[in-house]
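See structure below.
Naming convention: chains lettered A, B, ... in sequence-line order (proteins, then strands); numbering from 1 in each chain.
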Amino acid sequence: MRHVISLLIENESGALSRVSGLFSARGYNIESLTVAPTEDASMSRMTIVTVGSDEIIEQITKQLNKLVEVVKVVDISEAAHIERELMLIKVRATGKDREEMKRTADIFRARIIDVTDASYVIELTGNQSKLDAFLGAIDSSLILETVRSGICGIGRGDRVLKI
Amino acid sequence: MVLTGAEIVIRSLQEEKAEYVFGYPGGAVLHIYDALFQQENVRHVLVRHEQAAVHAADGYSRSTGKVGVALVTSGPGATNAVTGIATAYCDSIPLVIISGQVPTAAIGQDAFQEVDTVGITRPCVKHNFLVRDARDIASTIKKAFYLARTGRPGPVLVDIPKDVTAAKAEFEYPAEISMRSYNPVVKGHHGQIKKAVQLLLEAKRPMIYTGGGVILADAAEALTKLTRMLGFPITNTLMGLGGYPASDRQYLGMPGMHGTYEANMSMHYCDVLLAVGARFDDRVIGDPNHFASEPRKIIHVDIDPSSISKRVKVDIPIVGDLKEVLEEMIRQLEAGTQRPNAEQLAPWWKQVEEWRSRECMKFKNSDEIIKPQFVVQKLWEVTGGDAFVTSDVGQHQMWASQYYRFDQPRRWLNSGGLGTMGVGLPYAMGAQLANPGRPVACVTGEASIQMNIQELSTCKQFRLPIKICNLNNRYLGMVRQWQQLFHGGRYSESYMDSLPDFSRLAESYGHVGMKIERPGDVEGALREAFARKNDLVFLDFQVDPTENVYPMVQGGKGLTEMILSAEDL
């Protein structure tokens, strides 16, 4: 099962390697990991997408909690939540492809944020499947480069991860 | 008061009441050694290899419960310490290791004796720090001691660049420390404990299984009281020996790979298992699927939530300090109306006694050749069961754990988790310094002892009258045993050739050496050795090279699939 784990961690040097080291040492999967400081600069928030059985996910959350610098851990995929990922994609855009690419971007509510006479850079936000669908919808031979941020997640409604 | 960083390090150690620092000087820690030189409260023990510094601090801690302290220089000093740190980490021993680092400006420049100590040690410490400012030294050392001894204990490393130890800062040792990210649970959940007590009272085939946590939490007394109240059979793991008196009738011996028949059968066939400060290790339960094949309810008490339901699914988890939880169980038992019922347990005890009557620890003694088990038995007799016993890793370790009966906690020091050969002598050093005038024996083998033999020199310098019982069988015995049983008798590299004459080697370090070759001389030699109160005596016992450790559960097999003796092969 795929799980999205959110955690708050002290914003200290080496904190990221404690988390990533834990995953590699114990053989857990990381599908994506994102991290940045929160509104309180002394703390970072991390979103980890991982895959594992219930027992493994239980161990992952326990092991994360055991790290001295980890303040709080929540498996946000246990209840209603929102996931978003940002993708930047550079495509070849010449001739008739230029119009077609613009139309597809509009349909996906993506934005073209850089234009040259031969290429576009398109910005698209959404959950993973939306980004995958966009990649599937355009001619793959036109893709010059893609970069994805990995998932950010947040619980819906009253569910708040805060100290 | 304005002090240098180095002075702050030493003052902080004084504030933590550190009696001994085990260490080895070098470039990056020169300022710290200079500050050490100018005071008398913290005594430094100069080892001959940094690995032994950490092991000795570890042995000091195991025998006292206090935090052990080691001090090493940067680069090779730190990497040499890593085995010691990992050893302590696997057995949850509270240590503070201070390592020197190259000056801040040189970090990342591939400087002389530079290594990423914080990076290298990260997976084998409870936590570690790199101190970049002299003003942070005191609070970091305070945190290090706090982290090391609270919750599930463990080693904490503080890496300090040389310029930080030279810089000046105002010294004030913090009285309190609080960390928003670290708040270990101490008190067990009342409702869970109540459920557990009820289950224990209803049990028809109960069993208590306890590990190193009982020793670390100083919970042996509470455990003994609870076990006697309940009247249940009990087993202590290799790490938990001495948690319950081994000479008591309710005690069934050690469980696991080289555990007793009765302990393993009772673990497997009980209907309620109370696990306390133990972690269902592969050397204890063997194949977890085989273990799970027999239905039983499990209550698991541990300070570390991640130890619970890790290898075996638990029915009643209780997170908390073991001593607090066991005392709460006793209180609830005393306050409740229901009493433990001996009659209800009678059929189970009958079964347990039947298993015990197999006498699985019996061995065939000899008049011709010294049996290693016999040496440990005699050691137990001669010391009245009252010695601090350290061991290295291998056959001799198992025989020491099987035949020396520990009635008290903190008397048995060995590397159970990491299985580090070479710990025995430095553990004995730490235990002897912490317990002056008390008998300390190091049960070792001719292979293990050579992994830290240089410490004989430290023992001379600090006058440590350790009794080294070398069970010399000229083999890496446990490797040979596995090769005999599972590799068709192909003894690949397990023979110890070109051995030194250990008694003369010990003498050249200024100690007393003895070579014992006949069974009839074993007891006399031990008596003479322990009578030499001020001397380190190296007893080199020439033992039967073909002897194997039994009972044995092969790796990956189930607990009930035991080889009891050579006749079972």
Query raised in the report: Which atoms of B/Arg122 come close to chain A, meaning under 4.5 Å heavy atom to heavy atom: side chain ones, backbone ones, both, or neither?
Result: side chain
Query raised in the report: Taking the six-membered ring of A/Tyr120, is the NZ or CZ of A/Arg92 close enough (under 6.0 Å from the centre) and on axis enough (within 45°)?
Result: no
Query raised in the report: Does one side chain, of A/Asn127 or A/Glu83, offer a donor that lies under 3.5 Å from an acceptor on the other?
Result: no
Query raised in the report: Heavy-atom distance under 4.5 Å to chain A: side chain of B/Asn183, backbone, both or neither?
Result: neither
Report summary line: If one checks every heavy atom of A/Val68 against chain B at 4.5 Å, the contacting part turns out to be both
Query raised in the report: Between B/Tyr146 and B/Tyr182, how do the two ring planes meet: parallel, tilted or perpendicular, split at 30° and 60°?
Result: perpendicular
Report task. Consider only side-chain N and O atoms of A/Thr116 and A/Ser119, and report whether a donor and an acceptor are under 3.5 Å apart. Result -> yes
Report task. Could you check which of A/Glu10, A/Glu12, A/Gln63 has the highest count of heavy-atom pairs closer than 4.5 Å to chain B? Result -> A/Glu10
Requested in this report: With sequence neighbours left out, write down each residue that passes side chain to side chain contact (heavy atoms under 4.5 Å, CB included) with B/Ala217, or none if nothing qualifies.
Outcome: B/Ala219, B/Asp321, B/Leu322
Report task. Select one option (side chain, backbone, both, neither) describing which atoms of B/Leu130 are under 4.5 Å from chain A's heavy atoms. Result -> neither
Query raised in the report: Does any donor atom in the side chain of B/Asn128 or B/Thr121 lie under 3.5 Å from an acceptor atom in the other side chain?
Result: yes
Report task. May I ask you to name which of A/Gly21, A/Ser17, A/Ala25 has the most heavy-atom pairs under 4.5 Å with chain B? Result -> A/Ser17
Query - Top of A/Gln59, A/Glu55, A/Arg18, A/Glu69 for chain B proximity - count of heavy-atom pairs under 4.5 angstrom - result: A/Arg18
